[in-house]
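A quick write-up on the structure given underneath.
Note on naming: letters A, B, ... go to the chains in the order of the sequence lines (proteins, then strands), and numbering restarts at 1 for each one.
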There are 2 protein chains.
Amino acid sequence: MNALIGLGDNRRPTIRDVAKVAGVSPSTVSRVLNGRGPVRESTRRQVEEAIRRLRYAPHPAARDLRLKSGHLLGLIISNLTFPFFGEVLKGVVETATARGYGVLLADSEGRLRRELELLEEVRRRGCRASLLITSAYRPEHALVLRRSGMPVVLASAHVADPEVPCVGVDNAAAAFELMQHLLAQGHRRIGIIRGPLDDPVTSGERLKGCRLALQGAGLPWDEAMVEEGDFSIRGGREAAERLLARGVAMTALFAFSDEMAMGALQALRRAGLRVPEDVALAGFDDLPLAEGLEPPLTTIAQPKGEIGRVSAGLAIDLAEGRPVQRIKVTVPHRLIVRRSTAAH
Amino acid sequence: MNALIGLGDNRRPTIRDVAKVAGVSPSTVSRVLNGRGPVRESTRRQVEEAIRRLRYAPHPAARDLRLKSGHLLGLIISNLTFPFFGEVLKGVVETATARGYGVLLADSEGRLRRELELLEEVRRRGCRASLLITSAYRPEHALVLRRSGMPVVLASAHVADPEVPCVGVDNAAAAFELMQHLLAQGHRRIGIIRGPLDDPVTSGERLKGCRLALQGAGLPWDEAMVEEGDFSIRGGREAAERLLARGVAMTALFAFSDEMAMGALQALRRAGLRVPEDVALAGFDDLPLAEGLEPPLTTIAQPKGEIGRVSAGLAIDLAEGRPVQRIKVTVPHRLIVRRSTAAH
DNA sequence: TTGTACGCGTTATCAA
DNA sequence: TTGATAACGCGTACAA
């Protein structure tokens with residue numbers, strides 16, 4: 001009596017098949033499925049038995065059509081290969097799954113145009129909300145975000161526009177703290193490897209924090225101490241090489257990603273400089289590799305998983321029209337001091 | 001005349017709205033959209049104009065319901081935070097997008113049970129095929145894969161079961177080559193850091209390659225030279241520490257991932273051993289960090305993007321019932337020799 | 001407490 | 001070349 005039932009042909013079972021097997025009407029099956037109306041206990045059991053035997057599952061498209069609500073969350077990411085984003089992604093998927101949403105993944109390859117196209121695309125595919133994970137937010141985004149016809153949450157970045165929901169750390173404060181730490185060690189000439197120039201937002205905030213810290217210590221801001229990198233290992237190595245080639249005298253170097261710091265470490269070593277004895281080194285993100293470097297890297301930890309979870313939760317809340325306390329969420333960062341900036 | 005048209009309420013426009021604006025029937029609009037039946041050129045233009053003005057896009061759920069075909073590809077991954085998988089993911093998304101498929105992402109967190117559940121879940125959500133990216137394939141998978149009711153491609157692993165479609169490198173051959181390289185440098189005592197014990201497949205193949213190479217050189221296989229790691233930096237460090245603590249004499253160390261090699265490098269350094277002078281070191285995968293280590297790491301390059309692209313293409317072909325040459329695809333690997341195994 | 005009938009937006013079939 | 005109609009599988013008024 002517990003045997004599975006196969007339909008004659010091998011089409012997937014519908015709610016009608018279940019009804020027939022259970023000896024009830026389709027609406028009753030629907031009620032059991034969704035726990036809506038009243039259903040006698042014995043009936044419920046019969047229906048559930050039938051569902052099990054047929055291995056029935058509601059057809060998602062039919063359900064979505066009827067309810068006008070795909071339970072899909074779009075996720076547009078500028079670089080699938082950044083380990084940082086991988087951890088954010090994990091958080092997104094976790095929350096989305098828990099709330100019954102699927103995650104539709106798209107890769108913008110860092111191209112602004114593509115990002116905007118994909119926003120359209122995921123909407124067409126029935127996503128009720130989207131997350132945008134990009135390392136280069138531009139003002140041009142705002143218009144598209146607003147007219148996209150669905151809530152779009154910017155994960156891992158803060159922008160001024162009050163209409164754009166954002167989740168991320170306080171970049172200025174984080175950079176400020178890290179600089180203070182370096183200053184406290186007595187460093188006065190601090191090199192900086194910022195992110196790409198076409199990302200005015202995140203790097204801009206961090207630079208602001210750096211400037212503030214220097215100012216607080218009565219030190220001048222020197223544009224010549226800043227080089228640009230693309231957040232990658234190679235980018236960091238090349239930026240550090242440019243800094244060294246220019247003959248910039250520095251006793252400390254702050255890279256805006258752990259990976260760039262890793263690259264910089266390599267460049268410094270090759271130049272015969274020891275870390276931290278000759279040059280102190282710091283990164284940003286606290287990736288696993290930060291602890292794996294020799295010496296282990298001082299850095300700013302971001303709650304990557306939480307950024308993902310909060311972003312997804314916010315996007316879903318907005319999509320479902322739930323009340324939301326704030327659309328700008330700042331998650332806590334943490335300064336992690338390791339040997340790469342140890343006093344000597 | 002080119003102005004956008006807004007509907008009174010703000011529901012999304014349907015094919016009927018387009019028909020009304022264009023002064024034709026819904027069927028005609030459908031024909032224009034799908035390029036099926038015959039349509040007079042002037043009519044087509046009117047319809048296209050209406051589509052543009054209404055910013056109309058077909059409702060995906062309605063379309064799927066009618067056509068019984070969601071254009072969705074499931075992607076179940078065991079560890080979203082492995083950089084290696086990130087690159088594979090990128091390839092998957094690229095091909096899926098190009099072929100009109102969305103990618104539905106799920107995270108199994110490396111748990112077998114969860115993987116099987118998610119396989120059900122993505123099917124319920126209307127995926128026509130799925131990819132499974134896992135570092136621990138178990139025989140238990142086979143049954144579920146077969147009864148899941150959709151094609152499932154195993155990306156980045158090869159299993160013996162002839163029914164299971166797989167895409168990946170020839171792990172045995174790759175490990176063999178790397179060992180040959182070490183042997184050619186005169187190494188006779190070679191430590192190995194394998195992957196997790198609960199992954200019999202990938203690590204098993206690589207071990208087989210190692211054994212074969214040693215055998216070819218007339219050297220014995222010594223189980224004591226093998227330690228287990230979980231593919232992570234920390235895992236590699238701890239495995240190397242265990243090896244050293246056991247007093248294993250080795251002049252070379254082969255880790256089955258670049259990240260474990262990075263961890264091992266740290267452990268060796270801390271033990272006062274120089275790489276490559278005292279111990280040669282090699283990894284697997286050729287992640288960006290391999291080149292960024294000091295010294296740069298000898299490793300096996302896998303075509304990560306291609307693995308993703310081929311897997312996705314294969315899954316979609318199977319889903320659409322297209323003819324497929326082979327369901328077992330071996331993609332080429334490449335030995336990359338860098339300073340970490342330089343002769344001295 | 002349960003069943004009947006309708007419509008969600010689309011495409012395919014058929015008749016005009 | 002075009003239009004009317006039915007059906008995909010589900011949830012929900014409304015009637016029983």
Side-chain angles (χ1 to χ4, degrees), chain A residues 7 9-48 50-51 54-72 100 123-128 149, chain B residues 7 9-48 50-51 54-72 100 123-128 149:
Chain A
L7 278 47
D9 34 15
N10 60 347
R11 56 184 236 284
R12 64 184 283 167
T14 76
I15 202 170
R16 260 185 263 262
D17 297 314
V18 177
K20 200 165 295 173
V21 169
V24 298
S25 79
S27 37
T28 301
V29 178
S30 175
R31 276 190 282 264
V32 170
L33 282 169
N34 304 301
R36 317 294 278 193
V39 161
R40 190 189 321 194
E41 188 50 32
S42 64
T43 315
R44 137 164 295 121
R45 281 222 298 279
Q46 280 175 33
V47 171
E48 281 166 348
I51 290 176
L54 284 167
R55 307 188 67 224
Y56 167 80
H59 192 300
R63 185 172 215 152
D64 289 352
L65 178 57
R66 181 62 236 243
L67 297 177
K68 296 168 167 296
S69 78
H71 278 59
L72 267 186
R123 191 189 65 95
R124 272 213 317 279
R125 282 194 182 275
C127 290
R128 294 186 57 188
Chain B
L7 278 49
D9 34 17
N10 60 347
R11 55 184 239 284
R12 67 184 280 168
T14 75
I15 202 171
R16 261 185 262 262
D17 298 314
V18 177
K20 199 164 297 174
V21 169
V24 297
S25 79
S27 334
T28 302
V29 177
S30 177
R31 276 189 283 264
V32 170
L33 282 169
N34 304 300
R36 317 294 277 196
V39 162
R40 191 193 323 209
E41 188 50 33
S42 63
T43 315
R44 139 164 293 122
R45 280 222 299 278
Q46 280 175 34
V47 171
E48 281 167 348
I51 290 175
L54 284 167
R55 307 188 68 224
Y56 166 81
H59 192 299
R63 185 169 217 157
D64 289 352
L65 177 57
R66 181 61 232 234
L67 297 178
K68 299 168 168 295
S69 78
H71 278 61
L72 267 186
R123 192 190 66 96
R124 273 213 318 279
R125 282 193 184 275
C127 289
R128 294 184 57 187

Can you tell me how far C1' of dT2(D) sits from CG of N34(B), to the nearest Å? 16 Å
Looking only at heavy atoms, which two atoms of R123(A) and R55(B) are closest? And how far apart? NH2-O, 4.3 Å
Pick the nucleotide of DNA chain C nearest each of R16(B) and R40(A); which residue has the one closer to the 5' end? R40(A)
Whole angstrom is fine here: how far is it from CD in E41(B) over to P in dT2(D)? 11 Å
Residue whose nearest DNA chain D nucleotide is more 5′ - L33(A) or P26(B): P26(B)
With a cut-off of less than 4.0 Å, is there a side-chain N or O of S25(B) near OP1 or OP2 of dA4(D)? no
Could you tell me how far apart L54(A) (CG) and dG9(D) (C1') are, to the nearest whole angstrom? 15 Å
Per the side chain to side chain donor-acceptor pair (under 3.5 Å) rule, what does the pair list look like for residues 32-42 of chain B, sequence neighbours excluded? S30(B)-N34(B), N34(B)-R63(B)
V47(A) to V18(A) - nearest heavy-atom pair and separation: O-CG1, 4.3 Å
Excluding sequence neighbours, so at least two apart, what forms salt bridge (Lys or Arg N to Asp or Glu O under 4.0 Å) with R44(B)? E48(B)
Output a table of nitrogen or oxygen pairs between the protein and nucleotides 13-16 of chain D separated by less than 3.5 Å.
none

Nearest heavy atoms of Q46(A) and A22(A), plus distance in Å: OE1-O, 3.2 Å
When the distance from NZ of K20(A) to P of dG9(D) is rounded to whole Å, what number comes out? 12 Å
Just checking L65(B): base, sugar-phosphate only, or nothing, at a heavy-atom cut-off of under 4.0 Å? base
Between which nucleotides of DNA chain C, 5' to 3', does chain A make heavy-atom contacts below 4.0 Å? dT1(C) to dG9(C)
Can you name the residues that form a side-chain hydrogen bond (donor to acceptor under 3.5 Å, both in side chains) with T43(B), not counting sequence neighbours? none
Near DNA chain D, under 4.0 Å by heavy atom, which residues of residues 56-64 of chain B? none
If the condition is side chain to side chain contact (heavy atoms under 4.5 Å, CB included), which residues does P26(B) pass it with, not counting sequence neighbours? I15(B), R16(B), A19(B)
If every non-hydrogen atom of Y56(B) is compared with every non-hydrogen atom of L33(B), which pair is closest and at what distance? CE2-CD1, 3.7 Å
Report the distance from atom NZ of K20(A) to atom CG of L54(A), rounding to the nearest 0.5 Å. 11.0 Å
Nearest to the R66(B) side chain among dC8(D), dT2(D), dT12(D), which nucleotide is it? dC8(D)
Residues forming a side chain to side chain contact (heavy atoms under 4.5 Å, CB included) with R31(B), sequence neighbours excluded: S27(B), T28(B), V39(B)
To the nearest Å, give me how far apart NZ (K68(A)) and P (dT12(D)) are. 13 Å
Can you confirm whether D17(B) sits close enough to V21(B) that some side-chain heavy atom of one is under 4.5 Å from a side-chain heavy atom of the other? no
Inter-axis angle, terminal five-pair segments of the helix from dT1(C)-dA16(D) to dA16(C)-dT1(D) [nearest 10°]: 40°
